[in-house]
Amino acid sequence: MPPAATTNLGYTPPDGGWGWAVVFGAFISIGFSYAFPKSLTIYFKEIQMYFSVSYSEIAWVSSIMLASMYAGGPVSSILVNRYGCRTVVIIGGLMVGASMVAASFGTTIIHLYLLVGVIGGFGLSFNLQPSLTIIGKYFQVKRPMANGLAMAGSPVFLSTLAPLNQFLFDNFGWRGAFMILGAIVMNCCVAGALMRPVNMKTVQKHPVTASKGTTAKKSGSTENSANPEAGDLITETEQKQKIGGCADKLMDLSLFKHRGFIIYLIGNVVMFFGFFAPVVFLPSYAKGIGIDNYQAAFLLSIFAFVDMFARPGTGLIANTKWIRPRIQYFFSFSVAYNGVCHLLCPFLAVYLGYTGLVVYAVFFGVAFGMVCALLFEVLMDLVGAQRFSSAVGLVTILECGPVLLGPPISGFLVDVFDDYKYMYWACGAMMLAPGIFLFIMNYFNYKQLDQECLHPKRRERLGTSWECHPEALST
């Protein structure tokens with residue numbers, strides 16, 4: 001059975017030491033990136049009244065911010081490959097902080113679109129992707145656990161920023177709160193400062209794989225390493241092979257020929273149509289069946305609390321010797337598990353009422369946390385740490401559409417049928433289908449990888465980043 005993909009960095013990641021400080025920095029940066037756009041909705045009602053705009057117009061602020069965060073993926077990839085993770089995160093923190101301070105002086109809703117939405121969204125993009133990339137530079141054996149801990153920043157910051165924003169709003173109004181938030185979010189610059197490049201002088205410059213007994217091959221990097229902060233080692237021959245074109249040096253477009261990457265991309269694009277809507281509409285669904293406002297809001301608290309522990313817990317499980325070699329199956333299961341939860345939600349609500357929704361919130365929190373903890377880990381497992389920066393940039397730009405269209409389409413279903421259960425069934429189907437697809441396609445991908453281990457020349461031509469297990473070689 002083959003292990004997870006090797007990092008192919010030209011050195012052995014330290015798997016600890018300063019790497020845990022890097023994980024803490026990623027925890028902060030990822031927490032702000034995912035939680036910040038959602039937490040700003042507290043100010044929307046007053047801003048709507050202040051500028052005399054409709055709710056749909058004010059809702060575009062967070063929508064543009066999320067769209068910019070995902071659309072900025074390729075730009076962030078290019079900057080990370082050129083300048084390194086630390087520099088890009090610090091710039092991103094400055095952009096978000098400056099945009100919030102400037103927005104506090106805005107006089108029209110267009111100002112908020114440009115400042116909070118576009119500039120702030122791109123700043124969050126510069127915070128998110130480098131934080132995911134740098135973990136692969138420091139961790140290999142413990143990488144799933146490190147990713148799980150870093151991704152836990154999202155529910156922790158969301159549960160913290162929500163009451164903080166309410167306090168700031170009550171005491172300073174939306175303008176004063178925006179100015180204070182601008183100062184708070186600049187802590188991303190501190191998080192970026194923690195992401196120092198791997199010290200090549202203190203690590204062994206012979207790559208090893210995550211599983212005992214495996215052999216490593218020479219690095220076949222496609223990533224630009226002109227700057228030492230990119231954390232890569234490269235030979236003169238490999239550098240000459242890169243001078244074929246600017247796009248190839250800045251963004252690894254050869255990933256579209258990578259079988260595992262294409263499987264991952266198709267499954268994720270479909271999945272994201274039904275990923276966020278169940279969270280957004282959960283309180284409204286509860287109110288629609290006669291549950292009071294406080295209990296309905298408490299469902300999100302239950303969900304966030306479970307999610308908070310599910311992410312690092314999933315990382316620990318994924319790091320075990322039983323799961324790590326076939327981690328793609330674990331991810332496929334987590335996606336399908338989300339779909340099953342959504343399909344069962346209306347039945348739980350009808351037969352058990354509020355208790356049923358509490359049960360759903362608990363199981364959904366586990367399922368959501370599993371997907372979030374594995375989402376980028378399995379991508380790095382497929383393409384390797386060297387190509388991860390380019391891979392995540394390409395993935396996020398293509399996921400931008402489903403992220404934006406998913407909730408409006410779900411809302412349209414609620415308007416048409418005047419019932420939330422059809423929306424939950426639709427989201428369940430949109431999660432269950434890609435979960436099954438990923439499981440089946442990953443089975444054939446694993447089988448093909450085992451066969452390629454027996455044909456080194458064919459495997460080299462296909463450019464997979466997989467390491468062959470001795471059992472496969474002796475078959």
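Counting begins at 1 with the first residue of the sequence.
A donor-acceptor contact shorter than 3.5 Å is absent between the side chain of Y264 and the backbone of L438. N442 places no side-chain N or O within 3.5 Å of a backbone atom of Y329 that could act as its donor or acceptor partner. Formation of a donor-acceptor pair under 3.5 Å by the Q129 side chain with backbone atoms of V392 is not found in this model. For S68 (side chain) and M65 (main-chain N/O), no donor-acceptor pair under 3.5 Å exists by modelled atom type. In this structure, the side chain of W18 engages the main chain of L194 through a donor-acceptor pair within 3.5 Å. Judged by distance alone, with hydrogens and angles left aside, the side-chain atoms of S334 form a donor-acceptor pair with the main-chain N or O of F331 at under 3.5 Å. Formation of a donor-acceptor pair under 3.5 Å by the S76 side chain with backbone atoms of G72 is not found in this model. R324 places no side-chain N or O within donor-acceptor distance of the main-chain N or O of A318, the cut-off being under 3.5 Å. One N or O on the side chain of R175 and one on the backbone of S104 form a donor-acceptor pair closer than 3.5 Å. With hydrogens and angles ignored, the 3.5 Å screen pairs no side-chain donor or acceptor of N445 with any backbone N or O of M441.
Aromatic ring pairs are classed by plane angle as parallel below 30°, tilted from 30° to 60° and perpendicular above 60°; the pair F330 and F333 is parallel. Between Y43 and F169, the angle of the ring planes goes over 60°, which puts this pair in the perpendicular group of the 30/60° scheme. Relative ring orientation between F272 and F276 is described as tilted, the plane-to-plane angle lying within the 30° to 60° band.
Here the CG-CG distance, from L253 to L394, works out to 6.5 Å after rounding to the nearest 0.5 Å. Going from atom CD1 of I317 over to atom CE of M370 covers 7.0 Å, rounded to the nearest 0.5 Å. Rounding to the nearest 0.5 angstrom, the gap separating the CG atom in L114 from the CD1 atom in I109 is 10.5 Å. The structure places CZ of R143 at 4.0 Å from CD of E377, a figure rounded to the nearest 0.5 Å. Distance CD1/I30 to CG/L149: 10.5 Å, rounded to 0.5 Å. For the atom pair OG1 of T108 and NE2 of H111, the computed distance is 4.0 Å after rounding to the nearest 0.5 Å.
Checked against a 6.0 Å centroid threshold, the rings of F157 and Y34 do not count as neighbours. Y443 has its ring centre no less than 6.0 Å from the ring centre of F439. A distance of 6.0 Å or more separates the ring centres of F24 and W20.
Looking at every heavy atom in both residues, M151 comes nearest to C372 through CE-O, 3.3 Å. Closest heavy-atom contact between G106 and F51: O-CZ, 3.9 Å. Contact detail for D15 and Q140: the closest heavy-atom pair is OD1-N, 2.9 Å. Closest of all the heavy-atom pairs between A191 and S29 is CB-N, 4.5 Å. Across I327 and V378, no two heavy atoms sit closer than the pair O-CG1, 4.0 Å. Across all their heavy atoms, L40 and N165 have their closest contact at N-ND2, 4.4 Å.
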Checklist entry - Between L79 and T87, is a side-chain contact (heavy atoms from CB on, under 4.5 Å) present by the stated rule, with each step listed? => result CA-CA 9 Å; L79 293 176; T87 304; over 6 Å; no
Practice item. List the steps, then state whether side-chain contact (heavy atoms from CB on, under 4.5 Å) holds for L382 with Q328. Key: CA-CA 9 Å; L382 285 169; Q328 302 297 330; 3.4 Å; yes
Test log, rule side-chain contact (heavy atoms from CB on, under 4.5 Å), inputs F126 and V75 = CA-CA 8 Å; F126 294 167; V75 179; 4.0 Å; yes
- Query: Where do V270 and F437 land on the side-chain contact (heavy atoms from CB on, under 4.5 Å) test, with the steps shown first?
  - Reply: CA-CA 10 Å; V270 177; F437 167 82; over 6 Å; no
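Contact check for V116 versus S99: no side-chain heavy atoms found under the 4.5 Å cut-off. Between M100 and I184, every side-chain heavy-atom pair lies at or beyond the 4.5 Å cut-off. Contact annotation: the side chain of Y138 never approaches that of P13 to less than 4.5 Å [non-hydrogen atoms, C-beta and beyond]. Here the side chains of V395 and F376 are not in contact, with every heavy-atom distance at 4.5 Å or above. Between T133 and F388 the shortest side-chain heavy-atom distance falls below 4.5 Å. Side-chain contact check for F178 versus V101: every heavy-atom pair is 4.5 Å or farther apart. Residues V96 and C188 form no side-chain contact, since every pair of their non-hydrogen atoms from C-beta on lies 4.5 Å or further apart. Counting heavy atoms from C-beta on, the side chains of F36 and N127 never come closer than 4.5 Å.
Evaluation of the salt bridge (charged side-chain N to carboxylate O under 4.0 Å, His left out) test over residues 304-317, restricted to residues two or more places apart or in two chains, returns D307-R311.
Using a 3.5 Å distance cut-off with no hydrogens or angles, the side chains of S389 and N81 do pair a donor with an acceptor.
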